[in-house]
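Labels below follow one simple rule: chain letters A, B, ... track the order of the sequence lines, proteins then strands, and each chain is numbered from 1.
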There are 2 protein chains.
Amino acid sequence: MRSARVGAARLKARNQVTRIGRTNEGPLRATARNEILCGDCVASMERLAQESVDLVFADPPYNLQLANRLHRPDQSLVDAVDNDWDKFANFAAYDAFTRDWLAQARRVMKPSATIFVIGSYHNIFRVGAIMQDLGFWILNDIVWRKNNPMPNFRGRRFTNAHETMIWAARDQSAKNYTFNYEALKAANEDCQMRSDWLLPICGGTERLKDGAGRKTHPTQKPEALLARVILAASSPGDLVLDPFFGTGTTGAVAKRLGRDWLGIERDGDYRAAARARIAAIEPLPNETIATAPSKRTEPRIAFASLVEAGLIAPGATLVDARRRHRAVVRADGALSLSGFVGSIHKTGALAQGLPACNGWTFWHYEEKGALAPIDDLRAEARERLKVAAE
Amino acid sequence: MRSARVGAARLKARNQVTRIGRTNEGPLRATARNEILCGDCVASMERLAQESVDLVFADPPYNLQLANRLHRPDQSLVDAVDNDWDKFANFAAYDAFTRDWLAQARRVMKPSATIFVIGSYHNIFRVGAIMQDLGFWILNDIVWRKNNPMPNFRGRRFTNAHETMIWAARDQSAKNYTFNYEALKAANEDCQMRSDWLLPICGGTERLKDGAGRKTHPTQKPEALLARVILAASSPGDLVLDPFFGTGTTGAVAKRLGRDWLGIERDGDYRAAARARIAAIEPLPNETIATAPSKRTEPRIAFASLVEAGLIAPGATLVDARRRHRAVVRADGALSLSGFVGSIHKTGALAQGLPACNGWTFWHYEEKGALAPIDDLRAEARERLKVAAE
DNA sequence: TGCTTTATTGAATCGTTGC
DNA sequence: TGCAACGATTCAATAAAGC
């Protein structure tokens, strides 16, 4: 079951939606959800409400410049990307296109939203520079390392074994962007997730193919890549926009992970493939996708309230883990440390001679001869609050 | 001894040099070698002869924009890069600077030369876009993955665990650039070298420090990184230009690998450190660095990574278990056995007159008088890289 | 001397809340 | 709006110190 808070927010957002068709006609009062908009992504985004999406994933044309056809050593032809949508007259044309869609993406992003743009060396430098020029604030560049890349058949370069994603906030001042740091760390052997991700390319049964066995889309991204992006930078119920939807990997993964999604795609074949694909997706049970509470999102508790609640008595003695320092709890929730009176943090800092200190983990109380951090008392107080709220 | 052909070419180049001082005064008829030019890199490069260098390695200022001081969880202060040389008023100023030095670098590059530029997400996108605008033809972007990066202390982003190098030819038509494909392949388990390189950051005894233990330069690059760049994209006797010479890693590695070098540096302290450092470098014997035969060779195994990691030194002697055969370790990870150059397997087979051989168990190194198979070193290397093995 | 423990450090665009 | 307080946060390698 979706949590009550998230469910309510999502329902509210749903009710604000003005249902629209699949064409570009008419204005939008709010932003659609869980649909594929037909048409050019700039025109489509222009009609979306500003500050309405929580996350953008964009896989724009790479502007590959393959002058000639490429043959493998056995003389077979490499099925290169030569679609019309990847053709631009020159860098200036590509830059203008890039500026247009990025500006619109930025407009529809909530202040707390972030954007991922994936590309290769053909286009990612232009994309990144334009993002900076538009005011995006880059948080990381992320390297998708492919464990099974296509080799360089001519032996004239290094194997092009990675693609680059730029992760950016809407602007420098946006400090409250969604980043599920703890969840990613837990998923990575309790080490913080690095900027290089090793993932296989999209193949096997995941790769969409037509009746004749031809791949439906030349650059279909692996769902594992989108899963990490969406888990890292959104919450259940959030709206994920993909302006270059293709065959809908973003929508499929978003639906599975309990996020809403919105795709924009010009090509009818891609839209049809995406629609069928997403319809077959079964969302995961809510308990598997609910974001774990992080310390940052827990309600703040004043140390004084622990004293008021009787969890710690005025006059009690607190010590650090090694019993080197002693402080006495005052009735007003401050501590007294050899004549100095201050907060648990200030006294902890003073005791250690440091500029700052987290008093919750520094100070301990004695219970049955053993020491426990006063953070345990805070957890107890939060537990009581939670019970009282129900 | 250097080979006759290479030696002659080098001598000829030397004779063309007009000796210059360390100031920016006066024109240059040709390009100096094995010196550090004092001054601004744009002005200095303007005085170099056009089409005179074979390889450029550039580590320009990254334009970091640090808003505040950063403390570790233990409250210690992070020693961030806040040098004046990394300060620019805005993106436009950084772009203008970048355009200027890149244009000069391109002018002095031979048609067959390539350039490596290293940067982070702060600057690399602007650098890459400007390179494309100036006509450079990007061959690869290469990711330097750090196995020991600084963590993200606030838990607000992914660990910034890599830097990016752009490798480019002077223009699209330059097809004859130097790329030692076979040597790199032999050094990488007989697999093509990928675009992601795992290397430790510069530390330990390699890191230059002043008398008080402070690092001489805040961003000294590891020699292993430069070694792979120089081995990949130059030949013995070639001239390697570094317009942001710093403490001279490029010069040190170039000299060791039998390349000529030219550095440009504004800071007198950096220049002095670089000069002393390079003077202490002993070039490797020629047989360890001569370009390997270009014909496709039998399968080889990743012996080069042991050399890069310092587990076995270039020039070291390997013997078989009964000390009947001796081979010398080359800097590119191949072995030299009485004039024949090949992989550890090929040389082992040749020594025994057998069609094939497992070099890992055939060849031994000497440690404290005892012999041990180089397979032990491979195990050690694997242990070190366990983090990255995934 | 050798092993264990502790301290230091590296290109970093690294908060939020309430008065 | 600015300022001060709260309080959350680290991985690997190297070097130094302790035993």
Which is true for B:N68 with a 4.0 Å heavy-atom rule: it touches a base, it touches only sugar-phosphate, or it touches nothing? base
Hey, does the side chain of A:R378 come within less than 4.0 Å of D:dA8's phosphate (OP1/OP2), counting only N and O? yes
Integer angstrom distance from the C1' of D:dA8 to that of C:dA11: 24 Å
Please state the C1' separation for the pair D:dA17 and C:dT1 - nearest whole angstrom. 15 Å
For A:Y177 and C:dT16, is the shortest distance between a side-chain N/O and OP1 or OP2 below 4.0 Å? no
For A:Y181 and for A:P355, locate the closest nucleotide of DNA chain D by heavy-atom distance; then report the residue assigned to the nucleotide nearer the 5' terminus. A:P355
Assert yes or no for the condition that the ring centre distance of B:F244 to B:W85 is strictly below 6.0 Å. no
Distance, rounded to the nearest Å, where B:M150 contributes CE and D:dT14 contributes C1': 16 Å
Once you apply a heavy-atom cut-off of 4.0 Å, does A:T361 come out as touching a base, just sugar-phosphate, or nothing? nothing
Result of checking A:R378, A:R384, A:R382 against A:E380 for salt bridge (charged side-chain N to carboxylate O under 4.0 Å, His left out): A:R384
For A:E182, which contact category applies under a 4.0 Å heavy-atom criterion: base, sugar-phosphate, or nothing? sugar-phosphate
May I ask you to evaluate whether A:H345 reaches the phosphate of D:dG7, defined as a side-chain N or O under 4.0 Å from OP1 or OP2? yes
Quick one: is D:dT10 close enough that its OP1 or OP2 comes under 4.0 Å of any side-chain N or O from B:T159? no
CZ/A:R107: more than 12 non-hydrogen atoms of other groups inside 6.0 Å: yes
Report yes or no: do B:T249 and B:R277 form a side-chain donor-acceptor pair below 3.5 Å? yes
OP1, OP2 of D:dC11 versus side-chain N and O of B:N148: anything below 4.0 Å? no
Categorize A:K185 for me: base, sugar-phosphate, or nothing, with a 4.0 angstrom heavy-atom threshold over every strand shown. sugar-phosphate
Dot-bracket for DNA chain D, 5' to 3', counting Watson-Crick or G-U wobble pairs under 3.5 Å, with [ ] for crossing pairs and | for inter-strand pairs? .|||||....|||||||||
Is any side-chain N or O of A:R300 closer than 4.0 Å to OP1 or OP2 of C:dG15? no
Has the side chain of B:D59 got a donor or acceptor atom sitting under 3.5 Å from an opposite partner on the base of C:dA11? yes
Can you tell me how far P in D:dG7 sits from the matching atom in C:dC14, rounded to whole Å? 23 Å
Whole angstrom is fine here: how far is it from NZ in A:K295 over to P in D:dC6? 18 Å
With a 4.0 Å cut-off on heavy atoms, is B:Q75 in touch with a base, just the backbone sugar-phosphate, or nothing at all? base
If you check every side-chain atom of B:H122, which of C:dC14, D:dA5, C:dA12 has the closest atom? C:dA12
Please classify the nucleic acid contact of B:P60 as base, sugar-phosphate, or nothing, using heavy-atom distances under 4.0 Å. base
State whether the distance check finds a donor on one side and an acceptor on the other, under 3.5 Å, for side chain A:K346 versus base D:dA4. no
Remember a base hit wins even if backbone is also touched, and classify B:S120 as base, sugar-phosphate or nothing at under 4.0 Å, heavy atoms. nothing
Would you indicate whether the side-chain heavy atoms of A:D141 and B:H162 approach each other to under 4.5 Å? yes
Would you mind classifying the nucleic acid contact of B:N152 as base, sugar-phosphate or nothing, using non-hydrogen atoms under 4.0 angstrom? base
Does a side-chain N or O of B:K146 approach OP1 or OP2 of D:dA13 to a distance below 4.0 Å, or not? no
Does OP1 or OP2 of C:dG10 have a side-chain N or O of B:K215 closer than 4.0 Å? yes
With a non-hydrogen cut-off below 4.0 angstrom, is A:Q192 in contact with a base, only sugar-phosphate, or nothing? sugar-phosphate
Any base atoms under 4.0 Å from B:I118, or only sugar-phosphate, or nothing? Heavy atoms, all strands. nothing
Output yes when at least one side-chain N/O atom of B:R154 is less than 4.0 Å from OP1 or OP2 of C:dG15, else no. yes
Just the rounded figure in Å: distance from P of C:dT9 to CZ of B:F153. 12 Å
Would you say B:R156 reaches C:dT16's phosphate, i.e. side-chain N/O to OP1/OP2 under 4.0 Å? yes
So what does B:C202 touch, heavy atoms closer than 4.0 Å: a base, only the sugar-phosphate, or nothing? nothing
Check each of A:Y177, A:W167, A:F136, A:W144 against A:F116 using the ring pair (Phe, Tyr, Trp, His ring centres under 6.0 Å) test, and report the only one that passes. A:W167
